[in-house]
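To keep things clear, I will list the structure first and then write my remarks on it.
Just so you know, these numbers come straight off a predicted model, no measurement behind them. Heavy atoms only: backbone and side chains are in, while hydrogens, waters and symmetry mates are out. Sequence lines set the chain letters: A, B, ... in the order given, protein chains first and strands last, and positions in each chain run from 1.
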Protein chains: 2
Amino acid sequence: MTKTDPRKAPLALPLNQIIAGDCIEEMNRLPEASIDLIFADPPYNLQLRGELHRPDNSRVDAVDDAWDQFGSFGHYDSFTHDWLAAARRILKPNGAIWVIGSYHNVFRLGAELQNQGYWILNDVVWRKSNPMPNFRGKRLTNAHETLIWASKSEGAKYTFNYEALKALNEGVQMRSDWVLPICTGGERLKDEAGDKAHPTQKPEALLHRIILGTTNPGDVVLDPFFGTGTTGAVAKMLGRDYIGIEREEAYREAASKRLEKVRKFDREALEITGSKRAEPRVPFGQLVERGMLRPGEELYSVGNRFKAKVRADGTLVGNDVKGSIHQVGAHLEGAPSCNGWTYWHFKRDGKMVPIDLLRQQIRAEMH
Amino acid sequence: MTKTDPRKAPLALPLNQIIAGDCIEEMNRLPEASIDLIFADPPYNLQLRGELHRPDNSRVDAVDDAWDQFGSFGHYDSFTHDWLAAARRILKPNGAIWVIGSYHNVFRLGAELQNQGYWILNDVVWRKSNPMPNFRGKRLTNAHETLIWASKSEGAKYTFNYEALKALNEGVQMRSDWVLPICTGGERLKDEAGDKAHPTQKPEALLHRIILGTTNPGDVVLDPFFGTGTTGAVAKMLGRDYIGIEREEAYREAASKRLEKVRKFDREALEITGSKRAEPRVPFGQLVERGMLRPGEELYSVGNRFKAKVRADGTLVGNDVKGSIHQVGAHLEGAPSCNGWTYWHFKRDGKMVPIDLLRQQIRAEMH
DNA sequence: AGGTCAACTGAATCCTCTC
DNA sequence: CGAGAGGATTCAGTTGACC
């Protein structure tokens with residue numbers, strides 16, 4: 001039996017650091033089921049005609065046999081398989097992944113995600129407001145990139161801050177097409193020569209939406225193709241921990257400098273619009289126990305079409321039907337379900353008031 | 001030696017007809033290298049689970065037809081392989097194909113296109129102006145579908161009417177994202193009972209753009225999943241020949257009736273995309289995402305009487321009130337409503353600037 | 001005739017906890 | 001594991017009844 005190679009030993013989570021190395025090897029050294037979210041912007045230029053390189057930078061011999069005329073896709077698929085498998089191992093059961101790509105590679109990415117058991121939640125289109133035109137007029141302006149959001153497996157309880165994204169979209173449900181400008185101007189990192197530090201730096205706005213919408217403060221966000229660290233920068237701003245993996249020293253250095261300057265937003269600013277689902281459950285019976293409603297008192301349906309009587313045990317009776325506020329409401333409406341809290345009203349000073357108001361009073365006391 | 005089965009004999013091109021049968025078998029009977037353009041809207045393999053109800057308790061009419069059921073990704077891939085191979089054989093060397101799908105199937109489609117040697121020219125996003133919302137608030141509104149445009153092979157001289165599409169786009173180069181409404185109203189075909197004749201009828205505007213942009217008059221356009229014949233109808237209007245293949249008799253009949261009524265070169269068809277041009281809505285959250293305003297930054301009311309803090313999700317908090325820029329403004333003023341865009345100001349270089357200025361910057365970029 | 005409002009609809013992988 | 005219950009959740013647009 002050989003000794004364990006210390007270089008292969010699993011690491012404790014190296015939070016808020018940039019790991020130097022190949023992302024597959026480095027992910028394999030991280031503890032399993034430890035990451036909340038992965039954002040990955042993998043290279044997509046591996047299948048260009050001519051030279052082909054493996055992830056470890058060694059050159060692949062050109063394949064010109066007829067039986068393997070699409071061998072370049074084979075190599076790309078194998079690379080994609082390996083890093084997605086490594087990523088899946090380190091994801092928590094309720095973790096999720098975002099990948100981004102263009103038509104050159106995104107179909108391979110999406111198919112491999114599905115093959116490995118990831119469960120696609122949405123594909124999202126980043127619609128660029130200022131794309132590069134198609135100079136030769138031979139095709140359509142390539143004005144978008146595609147992101148795929150997937151949970152680790154079907155049925156997993158992924159994080160989705162629905163109300164926060166709805167608020168971000170001025171009160172309308174967030175859609176799967178996001179209009180955002182490409183990364184230019186002061187946000188674009190430059191090297192000493194004044195050239196762009198990274199060829200495909202993503203805008204912070206894109207990561208802001210992703211991290212705000214699909215993680216909670218304190219979550220761990222890993223980016224296996226860290227580049228100049230947009231994922232880390234936004235994670236830090238938003239009070240999440242990040243882990244970056246990057247092979248190229250120049251990118252790591254640029255990212256490192258960038259991250260030092262980033263400040264976390266203050267706590268109040270990080271609070272997001274909350275969800276009703278997260279509110280504590282209040283049994284209807286409590287309203288009766290506390291005397292907010294009297295046994296025998298009558299409740300009236302939305303639209304005043306039905307009446308029901310409150311009973312001492314917190315059930316209702318109306319039209320010979322007995323049951324919870326939800327059951328009686330559903331039965332009277334002939335509906336598959338009913339939210340009794342908003343359906344039933346009581347009278348106060350001649351006005352109809354929804355019983356949900358009483359629940360809100362109880363919840364306010366609980367804080 | 002056996003006699004040739006006449007049912008298997010290659011057909012001469014059955015122009016402007018609807019062929020009854022399985023599309024793989026029927027394409028295999030057509031002469032090779034005879035088709036200019038294929039438009040294909042294959043089953044999406046939606047894999048829906050239970051029933052879904054809207055918040056008003058009405059039931060969503062799901063696409064649960066037998067033709068959309070596949071046992072596994074393996075079965076779906078095998079089906080995809082077979083019809084794409086049959087399609088490629090009958091394409092002229094300079095012919096092209098369009099396929100449409102959603103995240104359920106489009107990654108399988110795209111990967112298989114590449115595997116067979118098709119050469120992807122663009123992926124195009126159909127952004128629906130009126131998609132069905134996500135009723136349970138568990139994901140993003142699925143507001144788009146993806147099309148892939150590919151030539152038969154790399155280096156082929158595909159047809160692209162650059163100027164026509166540019167004209168259709170008000171003089172600006174056509175982009176890879178197309179905003180079009182879904183097919184409703186008078187365009188949507190109904191059966192005798194008044195129900196929709198086909199669950200997934202595509203809008204004519206979509207086919208108009210495709211056929212106008214990537215074929216010439218007199219070209220042959222084939223649709224292996226003809227359905228109720230949108231492809232044929234638009235091809236006929238635009239003076240192209242069509243061939244439809246459809247298994248279901250009810251769809252063939254509906255398509256047949258429809259096609260009889262279609263007149264070639266209907267000028268009105270050219271006006272389909274004309275739409276009201278309102279100023280695009282810009283959610284306040286975008287100013288935060290884009291870093292134009294920082295979470296935690298303070299905004300000042302008109303007249304400087306009130307302050308409020310920006311939060312990461314694009315809401316404000318001031319005087320213990322949380323909400324949109326409009327809501328918080330209205331509350332502070334004790335007014336029924338408030339235009340937050342002109343009400344709130346931020347400080348730059350000691351001066352007060354209305355946030356509407358930032359909105360104008362974003363709108364300028366969108367043009 | 002014109003305006004108002006309620007009802008209806010669209011390719012959808014659409015809940016969560018307790019017993 | 002399944003069954004049952006609580007209760008949260010929608011946008012743009014068309015159609016048709018009714019004033």
- Phosphate OP1/OP2 of D/dG7 contacted by A/Arg281 side-chain N/O (<4.0 Å): yes

Applying the 3.5 Å cut-off to both distances, the Watson-Crick or G-U partner of D/dA8 turns out to be none

**Message:** Using a heavy-atom cut-off of 4.0 Å across all strands, would you classify B/Ser102 as base, sugar-phosphate, or nothing?
**Reply:** nothing

Whole-Å distance, A/Lys166 NZ to D/dA8 P, equals 14 Å

Which of B/Asp123, B/Asp177, B/Thr146 passes side chain to side chain donor-acceptor pair (under 3.5 Å) with A/His144? It is B/Asp123

From CD of A/Gln327 across to P of D/dG4 the rounded distance in Å is 12 Å

Counting only side-chain nitrogens and oxygens, does A/Arg359 get under 4.0 Å of the OP1 or OP2 atom of D/dA8? yes

message: Need one value for A/Ile120: base, sugar-phosphate or nothing, where a base atom within 4.0 Å counts as base even if backbone is also close, heavy atoms only.
response: base

In numerical order, the residues of residues 221-231 of chain B whose heavy atoms come under 4.0 Å of DNA chain D are none

Under a 3.5 Å limit on both distances, the Watson-Crick or wobble mate of C/dG3 is D/dC18

Next on the checklist: Ring-plane angle category for A/Trp149 and A/Tyr158, please: parallel below 30°, perpendicular beyond 60°, tilted otherwise.
Outcome noted: perpendicular

| said: Using only modelled atom types and a 3.5 angstrom limit, is any donor from either the side chain of A/Ser337 or the base of D/dA8 paired with an acceptor on the other? | reply: yes

For this session: Could you walk me through whether A/Phe306 and A/Tyr300 pass the ring-ring contact (aromatic ring centres under 6.0 Å, His included) test, one step at a time?
Result: CA-CA 6 Å; A/Phe306 300 107; A/Tyr300 305 86; over 10 Å; no

Separation of D/dA8 atom C1' from A/Lys276 atom NZ, nearest Å, is 8 Å

Distance test, side-chain N/O of A/His326 to OP1/OP2 of D/dG6, below 4.0 Å: no

Check this one for me: any side-chain N or O of B/Asn130 less than 4.0 Å away from OP1 or OP2 of D/dG13?
no

B/Asp56 CG to D/dC11 C1', in whole Å, measures 12 Å

Using Watson-Crick geometry (N1-N3 plus N6-O4 or O6-N4) or G-U wobble (N1-O2, O6-N3), each under 3.5 Å, C/dT13 is paired with none

Atom CZ of B/Arg127 and atom P of D/dA12 are separated, to the nearest Å, by 14 Å

Rounded to whole Å, CG of B/Asn134 lies from P of D/dA12 at a distance of 14 Å

With a 4.0 Å cut-off (strictly under) to non-hydrogen atoms of chain A, the first and last hit nts on DNA chain C, 5' to 3', are C/dT13 to C/dC17

Between CH2 of A/Trp344 and C1' of D/dG6 the distance, given in whole Å, is 16 Å

Worksheet entry | Note, A/Glu298 side chain near A/Phe346 side chain (heavy atom, < 4.5 Å) | no

Pairing partner of C/dC8, by Watson-Crick or G-U wobble and under 3.5 Å for both distances, is D/dG13

The correct set of residues in residues 148-161 of chain A placing a heavy atom under 4.0 Å from DNA chain C is A/Lys157

In whole angstroms, the gap separating C1' of D/dT9 from NE2 of B/His53 amounts to 13 Å

Exercise. Assess whether atom NZ of A/Lys322 is packed by more than 12 heavy atoms of other residues, nucleotides or ligands within 6.0 Å.
Key: no

>> Say we look at C/dA1 and D/dA17: how far apart would their P atoms be, to the nearest angstrom?
In response: 16 Å

Note, A/Pro354 side chain near A/Trp344 side chain (heavy atom, < 4.5 Å):
no

Relative to its sugar, using the 90° cut-off around 0, the base of C/dT13 is syn

